[in-house]
J.: 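My questions will all concern the structure given below.
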Amino acid sequence: MAGVTVAIVGAGVTGLACAAELGRDAVVVDRIPVCGGVLGFDHDATRRLEEAARTAGAALHLGETAITWDGAELVAMGQDGVRRIRADALVIAAGARPRNRAELRIDGDRPHGVVSATVACHLAETGVVVGRRPAIVGDGDWARRADAELRHAGAEPIRVRGRALAVRGTTRVAELVCDDGVVACDAVVLAHGLVPLRNVDGAVVDGVRTVYAQPCPDRGAIATAEEEGRRAAGAALAIMRAT
Amino acid sequence: MRTYDVVIVGGGVVGCAIARRLSLTRATVALLEAASDVGEGASKGNSGIATCGAETTPGTLESELILASAHGWEALCAALDTPFERIGTLSLALTADEEARLPHMLAEAKANGVAAEIVSGAEARRLEPLVTPDVRAALHVPGDGIIDPIRLTVGYAELAARNGADIRRSTRVTGAQRDGDRVTVLDTTAGPVGARFVVNAAGVEADTVAALAGGAELSSWPRHGQAWLLDRELGRHFAKSVGGIPDEVTRGVYVTPTTNRSVLVGPTARNHDDRDDRRTDAETLDAIMERGRRLVPSIAPERAIKVFAANRPAGDPVYRVERDATIANLVHAAAIRSTGVSSSPAVAELVRALLEEAGAPVGEDRPDATLALLPLPRLLGHPHPEALVAVDPRYGQVICACEQVTAAEIAAAFAMRVPPRTLDAVRKRTRATGGRCQGAFCQAGVSFLCSAYGGMRPEEVWPA
């Protein structure tokens, strides 16, 4: 793929802002078949930045999952097969996810029904609820969204204020032990904290010729994400110039 | 009611190994498992090390069965499409006292006929650069391997099923009908099952099953173990399984790569009496991490993807692989403790011989039996993904990004004779949802594929 110099993983606000800055030098891949990431494809900022990236000449390959980076080639998989992208630098703009159970150090039993807010929301959108009375751990965007979507899907979610310590229940979740009391519930939705989502082998930590652009903002902070994308473009250009 | 020549009670690694072995003979075989899948007890919660037997007590049945299994792993795992790598173990001596125990460990290995050597601290660090600079010396056992114990268990069951064994899950044995000194029918939560011979491979429930059948009183109890799993990003750098020096109570904490290159740190060993207790607690996990960091300082809780606990069987004595003293058609494979993965092939062969001695039609193998599963190619680590997509375009559809599990692999899981019926069972067969995000970005997608490929309704995948 002649002329390609920066591969960008993630077509959310950060990745698109980065691509708009780099123009013809940029190739973007995203596992979702539309732009926007967590913000959604129909958001004004998504439309504006996708337009800017395309106008500047960036190539977008949507619905393709980047799997490996060796410092010179990004491999992505999609419905059409394998895409190998030769690049001088890699920008990881893959967004963030709520912390998992191990990262939150929630101990206790391991019954079914402890799920990430991302999963609870995705399922609720299709009318499936992860529990009738799910306890939601966390207070950011994901917690608010899970609360609203589960309520809309017919559940009675409980917002947990304290720090969650342990799950109780053998086959199903029965209760969540917190530092300020015990909550009776039949599922636990994890919506606390955001950590960078990094899934490209070779670029999970300290990838060669890799720039990480994952500001982990809540959804309000579009400007922060855009700025991070532009910063990443500069950092990627610096790597290319140093070559 | 169908009557089988042999009914195996328990679908852990031991019960499934026995089912595979017997499925090669002319006997009709059923396996009854209380849980919704095979490998739901100790078999999915162990350290994933196939020991070659260096540290077993010479002359014991446990030692004999592990040694008899040790050389066959490469061939068996190839036949069962199960990851296995003989990477070797380093047991690190960090103090003068521990160093003084090494010659005894070496002598024990030699008595077992297992290759082993005492190496200097510098040599230990050359063999595995990640180990602590505080290492004074170590026992190196090159014949130990790492294995995927879940894929092994599922592989045993799948091959047995291909050969006609009925693997009946969600089928808990609740009672037994007898005629004189023989069990004739096992009552289960899914109706009665006729049995000419019965094998008790019920793991931590082996004493319960023995009592139901009217057989010998077995002295067994659960031994609780907790462990951490850390990110593949750490595990890909490991060359060896790393352990400490065992004391009287336990083999101690390992820091070992798994076959998919996560890092397992654990397990603990605590005897207790609650078979359903699979709790983890922060205090124990912190202690495990501290012990692990003494061996490999670069591991850190920040890279945790999961913690878990399991109950392995313990007993006094261990390894009750024998015919029951009073029930003529009952064979026990009970009190098989944490080494059950490592001994399972030879345990299965011994159980076959005991059944033959008792009169079961298991003396001869069928010439037409299937001996190997077709290996399923997987995207993770595959050198040439183009070849996969050319065979099945669904390899292009990466569902679980952390573990790079594709729609093709999930479809193949549902095409098995022992298919998944839960999300967790999909994880056990494919690793989907088992990576660093623990399903945050794929669990919904995997659920949809359960519907598409498995015909499961959403409320079956997510029971309310």
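All values derive from a computational prediction rather than experimental measurement.
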J.: Between A/D201 and B/R232, is there a salt bridge with N-O shorter than 4.0 Å?
T.: yes
J.: Would you mind checking which part of A/L190 comes under 4.5 Å of any heavy atom in chain B, side chain (CB onward), backbone (N, CA, C, O), both or neither?
T.: neither
J.: Check whether B/L379 gets within reach of chain A through its side chain, its backbone, both or neither, counting any heavy atom under 4.5 Å.
T.: side chain
J.: Assess whether atom CG of A/D42 is packed by more than 12 heavy atoms of other residues, nucleotides or ligands within 6.0 Å.
T.: yes
J.: For the atom pair CD (B/Q397) and OG1 (A/T65), what is the distance rounded to the nearest 0.5 Å?
T.: 9.0 Å
J.: For atom CG of A/D206, decide whether the heavy atoms of other residues, nucleotides or ligands shown that lie under 6.0 angstrom number more than 12.
T.: no
J.: Salt-bridged, B/E233 to A/R198, with N to O below 4.0 Å?
T.: no
J.: Report yes if the side chains of B/R278 and A/P111 come closer than 4.5 Å at any heavy-atom pair, otherwise no.
T.: no
J.: To the nearest 0.5 angstrom, please state how far the CE atom of A/M77 sits from the OG1 atom of B/T406.
T.: 7.5 Å
J.: In terms of heavy-atom pairs under 4.5 Å with chain B, which of A/V75, A/T68, A/L123 leads?
T.: A/L123
J.: Supply the atom-to-atom distance B/C437 SG to A/R99 CZ, rounded to the nearest 0.5 angstrom.
T.: 14.0 Å
J.: Are there more than 12 heavy atoms of other residues, nucleotides or ligands under 6.0 Å from atom CD of B/E85?
T.: yes
J.: Begin from the C-alpha positions of A/R110 and B/V307 and carry the test side-chain contact (heavy atoms from CB on, under 4.5 Å) through to its verdict.
T.: CA-CA 10 Å; A/R110 302 198 63 85; B/V307 298; 4.0 Å; yes
J.: Where do B/R303 and A/V204 land on the side-chain contact (heavy atoms from CB on, under 4.5 Å) test, with the steps shown first?
T.: CA-CA 11 Å; B/R303 304 231 63 89; A/V204 175; 4.2 Å; yes
J.: Measuring from atom CZ of B/R279 to atom OG1 of A/T170, what distance do you get when rounded to the nearest 0.5 angstrom?
T.: 9.5 Å
J.: A/R105 and B/D281: salt bridge (Lys or Arg N to Asp or Glu O under 4.0 Å), yes or no, with the steps?
T.: CA-CA 9 Å; A/R105 298 295 308 266; B/D281 68 89; over 6 Å; no
J.: Side chain from CB out, backbone as N, CA, C, O: work out which of these in B/L380 comes under 4.5 Å of a heavy atom of chain A, or both, or neither.
T.: side chain
J.: Which heavy atom of B/Q404 sits nearest a heavy atom of A/I67, and at what distance?
T.: NE2-O, 2.9 Å
J.: Tell me if the CZ atom of B/R172 is crowded by more than 12 foreign heavy atoms within 6.0 Å.
T.: no
J.: Quick one: what part of A/D109 sits under 4.5 Å from any heavy atom of chain B, side chain, backbone, both or neither?
T.: both
J.: Got a donor-acceptor contact below 3.5 angstrom from the A/R31 side chain to the B/I399 backbone?
T.: yes
J.: Any donor and acceptor pair, going by atom type alone, linking the side chain of A/N100 with main-chain N or O of B/R436 inside 3.5 Å?
T.: yes
J.: Cut-off 3.5 Å, side chains only: do B/T280 and A/D107 have a donor facing an acceptor?
T.: yes
J.: Does the ring centre of A/H122 sit less than 6.0 Å away from the ring centre of B/F448?
T.: yes
J.: Where on A/V128 is there a heavy atom nearer than 4.5 Å to chain B: the side chain, the backbone, both, or neither?
T.: side chain
J.: Quick one: of B/D231, B/D277, B/T433, B/V398, who has the most non-hydrogen atom pairs under 4.5 Å with chain A?
T.: B/V398
J.: Within a reach of under 6.0 Å around NE2 of A/H152, are more than 12 heavy atoms found that belong to other residues, nucleotides or ligands?
T.: no
J.: Evaluate the side-chain contact (heavy atoms from CB on, under 4.5 Å) criterion for residues A/V115 and B/W462: first the C-alpha distance (whole Å), next the side-chain angles of each, then the deciding distance (0.1 Å), finally the verdict.
T.: CA-CA 11 Å; A/V115 300; B/W462 293 96; 3.4 Å; yes
J.: I need the B/C442 SG to A/N199 CG distance, nearest 0.5 Å.
T.: 9.0 Å
J.: For B/D274, which atoms come within 4.5 Å of any heavy atom of chain A: side chain, backbone, both, or neither?
T.: neither
J.: Sort A/T171 into side chain, backbone, both or neither according to what part of it lies under 4.5 angstrom from a heavy atom of chain B.
T.: neither
J.: Can you tell which of A/R101, A/R97, A/E103 has the highest number of heavy-atom pairs within less than 4.5 Å of chain B?
T.: A/R97
J.: Under a 4.5 Å heavy-atom cut-off, does chain A meet the side chain of B/T422, its backbone, both or neither?
T.: neither
J.: Quick check for you: among B/G439, B/A440, B/A304, B/S447, which has the greatest number of heavy-atom pairs under 4.5 Å with chain A?
T.: B/A440
